[in-house]
Amino acid sequence: MNIFARLHSDLLSILNELSAAKILPPDMRTDRISVESPRDSTFGDMSSNAAMVLAKNAGMKPRDLASLIVEKLEALPVVATAGIAGPGFINITLATSAWHDVLQTVLAEGPKFGASTIGAGEKVNVEYVSANPTGPLHIGHARGTVFGDVLASLLENVGYDVAREYYMNDAGTQVDVLARSAHLRYREALGEDIGEIPSGFYPGDYMIPVGRALAEKFGDKWVNAPESEWLAEIQGFTVDAMMALVRDDLAALGVNQDNFVSEKALVAAGKVESVHAALTARDLIYTGVLEPPKGKKPDDWEPRPQELFRATAFGDDVDRPLRKSDGSWTYFASDIAYHLDKFERGYGKLIDVWGADHGGYVKRMEAATKAITDGGAALDVKICQIVKLMDDGEPIKMSKRTGTFVTLRDLVDEVGKDVVRFIMLTRSNEAPLDFDLKKVTEQSRENPVFYVQYAHARCHSAMRLATDAFPELSTERKSLVTSELTVLDDSAELALIKVLGAWPRAVEGAALAHEPHRIAYYLQELSAEFHGLWTKGRERPELRFIVENNAGKTQARVALVRAVQIVIESGLNILGVEPVKELR
RNA sequence: GGACCCAUAGCUCAGUUGGAUAGAGCACGACAUUCCUAAUGUCGGGGUCAGUGGUUCGAGUCCACUUGGGUUCACCA
């Protein structure tokens, strides 16, 4: 149950009554009416703009309309008081019993509290990582990977049918380079001295085992063979090996994607030709010459007639090439084919998670998706800004040569998957992020991962101690559902329950806005409220969770602690972070 | 030069899709430990929301322009 959604629907019923009584017009616009918690909690628990939104339409002053609504709101059992403030806000304070009901709902629903069905089973495709299969993942991939994975979980949580997808760019020149690099390592594995890896090849040590495996499988048959004979086979073999590395890296971060879609397979299946035909049929392709970029003309620029897609007809700044000057397809062409493929597989909602360096690519992809699906697919491209790796305030220089922490795996080994996942969501995706190796492992208030984990561990600690004091007390949520909760009447306790009550709304908001970082922020807020209540017990012993010689009150408090634990666990599950019961 | 993102407290950043007196952490100052894990908490000072104009009952939020920073810029992926 979402308490905000409930009040919202109660409010709409009231408005309908007023409409039936001819006070409000029948065609009133209710879509802009909101029920949310006010910034300042002294205004009450909830606040609505209904009177201000409808006033003009009803031909009334906002405050006059508000008073009619307030009268009816106050008749509701869940409402303690309602009032009018400012230009026409309706402020609502809920009955204490309503908050007890919320707490009971958390216990009754358990892990399902906060989940919803607003997605209605609609198919959503979340594409993330999609690193070129030319080596292991590095830290630059970490943010988008976590972002996409958590966004997918969020959407699942609110009832969408979600696919987690990886697009493999296993076609094009970079995989040819990869195959040549593998051939070099293959010769090396057979005893040849290959010296320094020449520039233009992938130099990484991770290619050495590939060379050995090739040597084992094929012996020396391709040592002196011309490239045309071995390229295709070694390329396939090496891409498979690279994808195995990538999957291992993803697994280390707790990521398991459903689909791995091959660009090469799309091209081989003629999908790019189909796209070309489809766009041609819509008169969206022509042969033209692009202008050089203003103010930064490349030295080797020369006018080139190319086949161009009319991206400008769909909001892009210039038309974009589908074929290179040699007539072969651009990456963009196969990317259009890929997005059409997603749409044809039944996904009406598409989400792409890209790095900041691809920001300039967004408009053309949106334009192309609009064109090729005739507006049928809704594409949202989420750009993750760069992560700066720091060590105690000092930036770490990224260098592939000296390379400390170049790879994602190294980062996970150093600080752990849970820390990486959580910290990547402590900023909006559109803001740059500092990842400080020292600070993220500190056990202090500054470190949000620790802070939230500590709150969760404290919940378990409190429940353990409660059973020590009252051995007959069960801390299982199902036993706690029937607890007598009316003893929870302190404002600090109610404040904590109110934060719990906001959880379903937080999940829904984060999912619909495609902003997973809101979950991390919510968890910090809930943890702060919980730590605060805990510490209040120091000054005011009557607020402690364990009340001597009072099993009933203790049980009510434990019910609250269990509810906090349940919601933190749900939140951490969405983030893919393990909720710990004890800290070491 | 164009495009995209950013600009909020000394620092790092949130800001519930346009609501009321703009929030948190750090830092700074004061305070609380015979007390469920002090690994925490409470209180306080600190703001021209980069600037100008516009849209309306109402703008940190939307629009235009200006300034400053980041990313990116024919055919690469």
Side-chain angles (χ1 to χ4, degrees), chain A residues 4 32 34 36-40 42-43 47 49 52 55-56 61-62 85-89 91 132 134 169 171-175 263 289-298 300-304 306 308 316-318 320-321 323-326 328 330-332 334-335 355-363 383 385-386 426-434 436 439 442-448 450-451 454 457-458 461-462 464-466 468-469 502 505-506 508-510 512-513 515 517-518 521-522 524-525 528 531-541 544-547 557 582-583:
Chain A
F4 289 91
R32 283 178 51 84
S34 64
E36 48 196 28
S37 49
R39 280 229 169 90
D40 188 335
T42 60
F43 290 129
S47 177
N49 59 356
M52 291 183 290
K56 194 180 274 183
K61 288 181 181 168
F89 287 102
N91 290 330
N132 288 340
T134 54
N169 296 123
T173 52
Q174 90 275 9
V175 281
E263 179 189 6
V289 179
L290 287 172
E291 297 288 312
K294 284 172 187 159
K296 193 207 158 200
K297 186 171 171 176
D300 59 345
W301 191 88
E302 54 186 37
R304 277 198 284 258
Q306 289 176 287
L308 303 173
D316 202 355
D317 310 302
V318 290
R320 304 293 180 175
R323 285 189 205 265
K324 301 178 202 170
S325 46
D326 66 0
S328 62
T330 60
Y331 173 82
F332 180 48
S334 54
D335 220 355
D357 55 342
H358 283 63
Y361 205 75
V362 174
K363 277 192 182 178
I383 296 291
Q385 292 298 323
I386 50 173
T426 52
R427 291 283 177 271
S428 152
N429 59 295
E430 305 205 313
L433 171 74
D434 287 351
D436 194 307
K439 287 187 179 147
E442 270 172 12
Q443 297 198 337
S444 77
R445 176 73 182 87
E446 267 186 273
N447 178 359
F450 163 77
Y451 190 70
Y454 183 42
R458 257 188 164 173
S461 162
R464 279 192 300 269
L465 291 158
D468 290 348
R505 194 181 154 79
E508 205 174 292
L512 295 181
E515 290 185 355
H517 73 278
R518 292 195 200 177
Y521 276 92
Y522 172 86
Q524 291 179 72
E525 188 191 339
H531 286 308
L533 178 60
W534 181 293
T535 310
K536 275 202 179 71
R538 300 185 195 288
E539 294 159 16
R540 298 170 52 192
R544 292 184 193 173
F545 298 128
I546 297 153
V547 189
R557 297 259 165 87
E582 269 181 287
L583 290 171

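Being a predicted model, the structure only gives us computed values, none of them experimental. Reminder, nothing fancy here: chain letters follow the sequence lines and each chain counts from 1.
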How many Å lie between OH on A/Y451 and P on B/A38, as a whole number?
-> 14 Å
Report yes or no: is the cationic atom of A/R505 (NZ for Lys, CZ for Arg) under 6.0 Å from the centre of the six-membered ring of A/F4, at an angle within 45° of the ring normal?
-> yes
Which is true for A/E302 with a 4.0 Å heavy-atom rule: it touches a base, it touches only sugar-phosphate, or it touches nothing?
-> base
Please tell me which of A/Q385 and A/A462 maps to the more 5' nucleotide of RNA chain B, matching each residue to the nucleotide holding its nearest heavy atom.
-> A/Q385
Specify the separation, in whole Å, of atom CH2 of A/W534 and atom P of B/A39.
-> 12 Å
Which protein N or O atoms sit under 3.5 Å from an N or O of nucleotides 6-8 of chain B?
unit_1 : atom_1 : unit_2 : atom_2 : d
B/C6   : OP1    : A/E430 : OE1    : 3.0

Parsed dot-bracket for RNA chain B after applying the Watson-Crick and G-U rules with both distances under 3.5 Å and | for other-strand partners is (((((((..((((.....[...)))).(((((.......))))).....(((((..]....))))))))))))....
More 5' along RNA chain B: A/I383 or A/E582, using each one's nearest nucleotide?
-> A/I383
What does A/S34 touch in the nucleic acid at a heavy-atom separation under 4.0 angstrom: a base, only the sugar-phosphate, or nothing?
-> nothing
Any N or O donor-acceptor pair linking the side chain of A/R538 to the base of B/A32 at under 3.5 Å?
-> no
Among all residues two or more places apart in sequence or in another chain, which pass the side-chain contact (heavy atoms from CB on, under 4.5 Å) test with A/A513?
-> A/E515, A/R518
Any A/K324 side-chain nitrogen or oxygen under 4.0 Å from OP1 or OP2 of B/A77 | yes
OP1 or OP2 of B/A38 sitting under 4.0 Å from any side-chain N/O of A/R458?
-> yes
Write down the distance separating the P atoms in B/G54 and B/G58, rounded off to the nearest Å.
-> 12 Å
When we call it a touch if two heavy atoms are under 4.0 Å apart, what does A/K363 touch: a base, just sugar-phosphate, or nothing?
-> sugar-phosphate
Using a heavy-atom cut-off of under 4.0 Å over every strand shown, decide if A/A513 touches base, sugar-phosphate, or nothing.
-> base
Is there a donor and acceptor pair closer than 3.5 Å between the side chain of A/R427 and the base of B/C13?
-> no
At under 4.0 Å between heavy atoms, what does A/Y521 touch on the DNA or RNA strands: base, sugar-phosphate, or nothing?
-> sugar-phosphate
Classify the side chain of A/H358 versus the base of B/A77 as yes if they form a donor-acceptor pair under 3.5 Å and no if they do not.
-> yes
With sequence neighbours left out, what residues match A/K61 under side-chain contact (heavy atoms from CB on, under 4.5 Å)?
-> A/D64
N/O (side chain, A/T173) to phosphate O (OP1/OP2, B/A77) under 4.0 Å = yes
Scoring nucleotides 20-26 of chain B by protein non-hydrogen atoms under 4.0 Å (B base, S sugar-phosphate only, - none) yields B----SS
Base, sugar-phosphate, or nothing: which does A/S325 touch, judged by heavy atoms less than 4.0 Å apart?
-> base
Of the candidates B/U40, B/C76, B/U56, the side chain of A/K56 sits closest to B/U56
Quick one: label A/S461 by what it contacts on the DNA or RNA (base, sugar-phosphate, nothing), any heavy atom closer than 4.0 Å.
-> base
Whole-Å gap separating P (B/C75) and CZ (A/R304) | 9 Å
B/U66 to B/A30 separation - C1' atoms, rounded to the nearest Å = 45 Å
Partner residues of A/L583 under the side-chain contact (heavy atoms from CB on, under 4.5 Å) criterion, sequence neighbours left out | A/F450, A/Q453, A/Y454, A/A457, A/V580
Report yes or no: does A/N91 contribute a side-chain atom to a donor-acceptor pair with the main-chain N or O of A/S47 at less than 3.5 Å?
-> no
Verify, without hydrogens or angle tests, whether A/Y451 (side chain) and A/S444 (backbone) share a donor-acceptor contact under 3.5 angstrom.
-> no
With a 4.5 Å heavy-atom cut-off, do A/H517 and A/Y522 have their side chains touching?
-> no
